[in-house]
Amino acid sequence: MRLSVLKPFAISIFVFCLATPLFAQFAPAPGTGPGLNETVEAIDSAGVTTRILYITAHPDDESAAVLTYLARGLHADVALLSLTRGEGGQNVLGPEQAPQLGLIRTQELLAATRGYGVKLFFTSAKDFGYSKTPEETEKIWGDRVLADMVRVIRSFRPNIVINNFGGVHSGHGHHQAAGLWTPKAVQLAADPSYSGRSPGETRVSDSTDESPTEFATPWGGRDHPVQILDVDRSGGSSSNQASLQLPVDEVSPLWGKTWREIGIDAFANHRTQGISGVLGSPFLHRPIALVSESGEKIDPAMLAQPLHATGGDAAGNDCAPSASVCPVLKHAEDLLAEAREHALLLRWQQSASEIADAAKEIRSLYPGQKHGVNWEADDPRVAELRPAQLRVEHALELAAGLQIIAEADRSDVVAGEPFTVNAESRCRADVGCVLEKLGLVLRGSDENVASDSPGNSKTQKFTAVFNQTRMAPDTWEEQRPSPPAIAVVTQELSVSGYTFEVRQPVSHIDATSTRIDRVPVRMVPAYTLALEPDQAIELLAKPKKPFDVLTRVHSYATKPAKIEVGLTVPQGWTVSSPVTLQFVGSGDQYAKVTVTPPTKLSAGNYPLTAFARRGDEKFSTSLAPLPSMPTLFWSEPAQCQVFAFDATVPDDLRVGYISAESEPIPQALERLGIQVEMLDAAALAFSNLARFDAIVVGVRGYELRPELAGTNQRLLDYVSNGGTLIVQYQRDFAWDKFQYAPYPAKISPEKPNSPLPRITDEASPVKFLQQNDPLLNKPNKITSQDFNGWIQERGLYFWSQFDAKYTPLLSMNDPNEPALNGGLVYTHYGKGTYIYTGLAFFRQLPEGVPGAYRLFINLLSVSREAGRNPAQSLKASASGNSK
């Protein structure tokens with residue numbers, strides 16, 4: 001199993017930007033604000049009832065053009081289901097990997113879907129990296145993921161499901177599995193005998209969240225047929241009745257851009273994946289069609305069914321003679337059409353009144369209401385009225401110009417401590433809104449918080465207290481992009497006699513001298529701890545010495561308190577006494593604790609856990625912003641992980657590092673006592689490279705460091721003069737058309753359309769091709785044991801074609817596939833050594849994999865083992881100059 005990326009998301013705390021931020025991580029997408037265009041679009045959407053669910057495997061798999069056209073061109077109610085959060089991918093923005101990357105990619109996709117105009121759901125499927133077969137993927141994902149898919153289908157109740165990978169039987173195993181499981185999930189969702197519950201599912205009743213549909217209620221089959229369509233990026237055929245070409249390059253009459261352009265603008269939010277560099281790719285600009293999986297004819301009208309068809313008694317664009325529901329909804333449609341015209345003329349009073357009357361018509365169809373006499377309370381058509389009514393109410397909210405401001409005095413709330421919420425609401429003056437008293441509801445409570453303000457003022461102040469310390473999400477909430485708001489302001493709004501409730505999550509304006517963010521209120525521990533170092537290495541052969549662990553304690557609590565700060569250490573370790581800190585309120589204080597390993601230390605991983613004790617309460621959580629997206633906080637146990645293993649590291653080893661993806665290898669090397677210098681463009685072009693024992697090119701360096709191509713000859717000269725250059729994996733399109741290596745070498749296989757060379761099985765047996773080669777023996781003897789405990793994969797972007805002057809050292813293969821020998825290759829060039837490796841050191845070293853450390857040390861030590869010692873030369877030169 002790929003352990004690192006299969007770990008739970010810990011206590012992940014989303015601090016995400018709201019749809020209308022002041023100045024946030026993402027600019028507001030067109031179509032998400034309160035303007036004229038958005039209001040007209042909402043009115044148009046209120047007249048369409050088709051629900052479409054688009055299913056794919058990862059963030060950035062989706063067709064932005066298709067989603068945007070369906071949601072904003074045809075005004076269907078569209079949702080995107082991404083089975084994973086993309087945590088197994090790469091990150092061109094910063095150092096985050098695995099679950100941390102999944103948090104960032106979740107927010108990137110959420111920002112994109114706002115631009116597409118669609119809802120967003122996930123499953124519990126883990127992105128465990130590239131998979132070569134759907135069988136492997138299905139085995140790892142298991143029944144729970146399929147149950148999650150069924151839950152979304154039964155909750156959203158789509159009329160159409162779009163299978164992004166339908167008919168795909170090659171490439172990424174995740175893609176293939178998504179394509180295979182989509183029709184299976186649709187079938188199970190319609191099966192009354194399928195419970196729709198996944199193992200360990202929890203459900204919580206929460207008044208501050210939307211109430212999901214009862215998941216045990218089947219959806220689909222004969223009563224609610226669901227049509228499955230595949231995405232055909234070849235453009236389809238007009239002569240094929242099972243194919244429907246989509247006019248995604250038509251210009252939106254509201255926005256003045258094509259649906260494809262609007263979609264690509266939103267798609268650009270996938271920044272960690274380097275999407276901005278491929279927005280001009282022909283792949284994103286192909287003609288697109290939808291193809292029926294069953295081969296039946298696609299009726300274009302099914303993509304945008306009108307409101308009047310909801311009751312099942314319509315006849316095309318009109319109502320059947322005996323219809324009772326259709327005429328009511330037809331009248332609502334006419335009112336919405338009039339409201340649209342008045343909105344375009346900025347006659348907001350008339351527009352809002354007509355939308356309100358349309359909402360009244362829909363409400364009149366409920367059992368017990370004016371036109372509900374022909375309906376039974378359990379008639380399934382009643383359930384169809386609610387989503388239509390919500391879309392009409394959203395249009396009314398925009399037309400009325402309702403604005404609810406709900407701001408807290410802080411974003412970080414501690415259990416048991418009061419916080420203040422100021423709320424205010426207003427409407428367009430000419431609409432004639434009736435605004436009832438504002439209310440505040442806390443998550444986990446059914447009662448409103450009492451207001452501190454007198455009367456029915458449009459401005460209210462609340463003082464609230466959370467008593468529970470943690471609110472775990474239920475299974476349904478875990479499938480949403482972000483946790484539900486913990487505090488919501490409610491406003492009852494009446495327009496032309498129609499009354500409904502609008503809810504606004506409470507937020508906080510977090511401002512510094514350089515930026516301002518509107519962030520939601522979140523629950524935090526009273527005290528959090530950050531450790532330096534958060535990782536350490538103990539080499540078994542070296543004497544064990546005490547070392548200091550520095551702890552920054554942050555108090556979110558506002559009350560004065562005396563805190564004891566210390567470390568809990570494994571048996572046999574010793575630690576200095578806890579340090580007492582006196583807090584007068586919120587803020588930071590620091591403590592230093594000294595730890596001594598036992599004299600005889602066995603190989604293994606040793607957690608040193610920090611704690612802050614206040615009376616009987618003990619806090620041991622680290623909470624910190626993610627570098628690539630500071631509005632996201634990551635929570636995990638406050639620990640320093642000590643990796644103890646046997647390895648030999650040459651003294652005074654000096655390494656120059658050319659980083660591109662901010663991979664954490666330099667920090668890992670420094671924990672070994674290796675001197676690492678990060679090389680910028682100036683250093684590459686002008687500095688004395690001979691001072692390094694080795695220079696390392698980081699992953700994707702030639703793709704992401706534009707100056708590297710121009711300074712590559714200096715690197716080759718450095719090798720020729722006796723240095724060691726280690727090039728980690730590069731991508732084929734950035735490597736193959738150039739010759740950066742001293743002799744020819746390519747990543748792309750010689751046979752066209754063959755998969756790129758990679759080993760996805762992290763436990764793949766490794767064969768030594770040159771058992772006695774110095775690179776595998778000095779200073780550390782590398783054996784098969786050194787490939788135990790690797791995570792996610794062996795490596796990627798191996799060389800598949802290379803000159804005979806290169807020596808391959810290792811061979812490995814995925815199950816039922818031929819062996820690959822381009823994962824670790826080297827050549828002597830001049831006096832030095834040139835090494836290319838696709839082995840995933842960037843994943844292994846941060847996880848403390850001993851064998852990966854030992855092998856990487858050997859690569860860094862090649863020149864030293866050959867007798868070249870830059871450190872001694874520099875010392876000798878300095879000594880000579882001082883005489």
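Residue numbers start at 1 and run along the sequence shown.
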For this session: Would you check, one step at a time, whether the test side chain to side chain contact (heavy atoms under 4.5 Å, CB included) holds for Asp313 with Cys319?
Result: CA-CA 6 Å; Asp313 54 358; Cys319 301; over 6 Å; no
Does a side-chain heavy-atom distance below 4.5 Å link [X] with [Y]?
{"X": "Thr123", "Y": "Trp141", "result": "no"}
{"X": "Pro158", "Y": "Trp219", "result": "yes"}
{"X": "Pro306", "Y": "Lys330", "result": "no"}
{"X": "Leu246", "Y": "Val66", "result": "yes"}
{"X": "Leu109", "Y": "Glu62", "result": "yes"}
{"X": "Leu244", "Y": "Leu303", "result": "yes"}
{"X": "Ile362", "Y": "Leu307", "result": "yes"}
{"X": "Val118", "Y": "Leu120", "result": "no"}

Problem set entry | Pair Asp60 + Arg105: basic N to acidic O under 4.0 Å | yes
Problem set entry | Residues Arg51 and Glu384 bridged, charged N to O under 4.0 Å | yes
For this session: Check the pair Asn159, Thr50 against side-chain hydrogen bond (donor to acceptor under 3.5 Å, both in side chains), reporting the backbone distance first and the verdict last.
Result: CA-CA 6 Å; Asn159 310 108; Thr50 298; 4.8 Å; no
Give a yes or no on whether the backbone of [Y] and the side-chain of [X] come within a donor-acceptor separation of less than 3.5 Å.
{"X": "Glu501", "Y": "Thr490", "answer": "no"}
{"X": "Asp318", "Y": "Ala315", "answer": "no"}
{"X": "Arg363", "Y": "Gln389", "answer": "no"}
{"X": "Glu333", "Y": "His308", "answer": "yes"}

Nearest heavy atoms of [X] and [Y], plus distance in Å:
{"X": "Glu477", "Y": "Arg443", "value": "OE1-NH2, 2.6 Å"}
{"X": "Gly89", "Y": "Asp127", "value": "N-OD2, 3.8 Å"}
{"X": "Val48", "Y": "Ala76", "value": "CG1-CA, 4.0 Å"}
{"X": "Ala64", "Y": "Thr68", "value": "O-OG1, 2.7 Å"}
{"X": "Ala487", "Y": "Leu442", "value": "CB-CD2, 3.9 Å"}
{"X": "Ala358", "Y": "Leu335", "value": "N-CD1, 3.6 Å"}

For this session: Could you walk me through whether Tyr498 and Glu393 pass side-chain hydrogen bond (donor to acceptor under 3.5 Å, both in side chains), step by step?
Result: CA-CA 10 Å; Tyr498 181 82; Glu393 289 176 354; 2.5 Å; yes
Considering only distance and modelled atom types, tabulate donor-acceptor pairs under 3.5 Å from the side chains of residues 162-177, sequence neighbours left out.
{"residue": "Asn163", "atom": "OD1", "partner": "Phe165", "partner atom": "N", "Å": "3.3"}
{"residue": "Asn163", "atom": "OD1", "partner": "Gly166", "partner atom": "N", "Å": "3.2"}
{"residue": "Asn163", "atom": "ND2", "partner": "Gly179", "partner atom": "O", "Å": "2.9"}
{"residue": "Asn163", "atom": "ND2", "partner": "Glu293", "partner atom": "OE2", "Å": "2.9"}
{"residue": "Asn164", "atom": "OD1", "partner": "Tyr54", "partner atom": "OH", "Å": "2.3"}
{"residue": "Asn164", "atom": "OD1", "partner": "Arg233", "partner atom": "NH2", "Å": "3.1"}
{"residue": "Asn164", "atom": "ND2", "partner": "Thr56", "partner atom": "OG1", "Å": "3.3"}
{"residue": "Asn164", "atom": "ND2", "partner": "Asp61", "partner atom": "O", "Å": "3.4"}
{"residue": "His172", "atom": "ND1", "partner": "His174", "partner atom": "N", "Å": "3.1"}
{"residue": "His174", "atom": "ND1", "partner": "His58", "partner atom": "NE2", "Å": "2.8"}
{"residue": "His174", "atom": "NE2", "partner": "Gly129", "partner atom": "O", "Å": "3.3"}
{"residue": "His175", "atom": "NE2", "partner": "His58", "partner atom": "ND1", "Å": "3.4"}
{"residue": "His175", "atom": "NE2", "partner": "Asp61", "partner atom": "OD1", "Å": "3.4"}
{"residue": "His175", "atom": "NE2", "partner": "Asp61", "partner atom": "OD2", "Å": "3.4"}
{"residue": "Gln176", "atom": "NE2", "partner": "Gly171", "partner atom": "O", "Å": "3.0"}

For this session: Go through the structure and list residues passing side chain to side chain donor-acceptor pair (under 3.5 Å) with Gln245, not counting sequence neighbours.
Result: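 Partners of Gln245 by the side chain to side chain donor-acceptor pair (under 3.5 Å) criterion come out as none, since no residue qualifies.
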Exercise. How far apart are the C-alpha atoms of Glu108 and Ile104, what are their side-chain angles, what is the distance that settles it, and do they pass the side chain to side chain contact (heavy atoms under 4.5 Å, CB included) test?
Worked result: CA-CA 6 Å; Glu108 290 179 335; Ile104 296 174; 4.1 Å; yes
For this session: For a side chain to side chain contact (heavy atoms under 4.5 Å, CB included) with Tyr116, tell me which candidate from Trp259, Tyr69, Phe267 qualifies.
Result: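 Of the listed residues Trp259, Tyr69, Phe267, the side chain to side chain contact (heavy atoms under 4.5 Å, CB included) partner of Tyr116 is Phe267.
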Problem set entry | Given Val78, Ile52, Leu53, the one that forms side chain to side chain contact (heavy atoms under 4.5 Å, CB included) with Phe156 |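 Among the candidates, only Leu53 passes.
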For this session: In sequence, state the C-alpha distance, the side-chain angles, and the governing distance for Ile298 and Gln227, and then conclude on side chain to side chain contact (heavy atoms under 4.5 Å, CB included).
Result: CA-CA 9 Å; Ile298 300 178; Gln227 189 171 16; 4.2 Å; yes
Exercise. Stepwise, does the side chain to side chain contact (heavy atoms under 4.5 Å, CB included) test hold for Glu361 with Asp357?
Worked result: CA-CA 6 Å; Glu361 290 291 274; Asp357 288 343; 5.8 Å; no
Problem set entry | Selection residues 75-84 - residue pairs positive for salt bridge (Lys or Arg N to Asp or Glu O under 4.0 Å), sequence neighbours left out | Asp77-Lys119, Asp77-Arg391
For this session: Return the set of residues passing salt bridge (Lys or Arg N to Asp or Glu O under 4.0 Å) with Glu135 (not counting sequence neighbours), or none when no residue passes.
Result: none
Problem set entry | Asp230: salt bridge (Lys or Arg N to Asp or Glu O under 4.0 Å) partners, not counting sequence neighbours |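 Result, salt bridge (Lys or Arg N to Asp or Glu O under 4.0 Å) vs Asp230: none returned.
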Distance (rounded to the nearest 0.5 Å) between [X] [atom1] and [Y] [atom2]:
{"X": "Leu632", "Y": "Gln100", "atom1": "CG", "atom2": "CD", "value": "10.0 Å"}
{"X": "Gln479", "Y": "Ser155", "atom1": "CD", "atom2": "OG", "value": "9.0 Å"}
{"X": "Ile43", "Y": "Arg340", "atom1": "CD1", "atom2": "CZ", "value": "8.0 Å"}
{"X": "Ser131", "Y": "Glu138", "atom1": "OG", "atom2": "CD", "value": "9.5 Å"}

For this session: Could you list the residues that satisfy ring pair (Phe, Tyr, Trp, His ring centres under 6.0 Å) with Phe122, not counting sequence neighbours?
Result: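 With sequence neighbours excluded, Phe122 shows a ring pair (Phe, Tyr, Trp, His ring centres under 6.0 Å) to no residue whatsoever.
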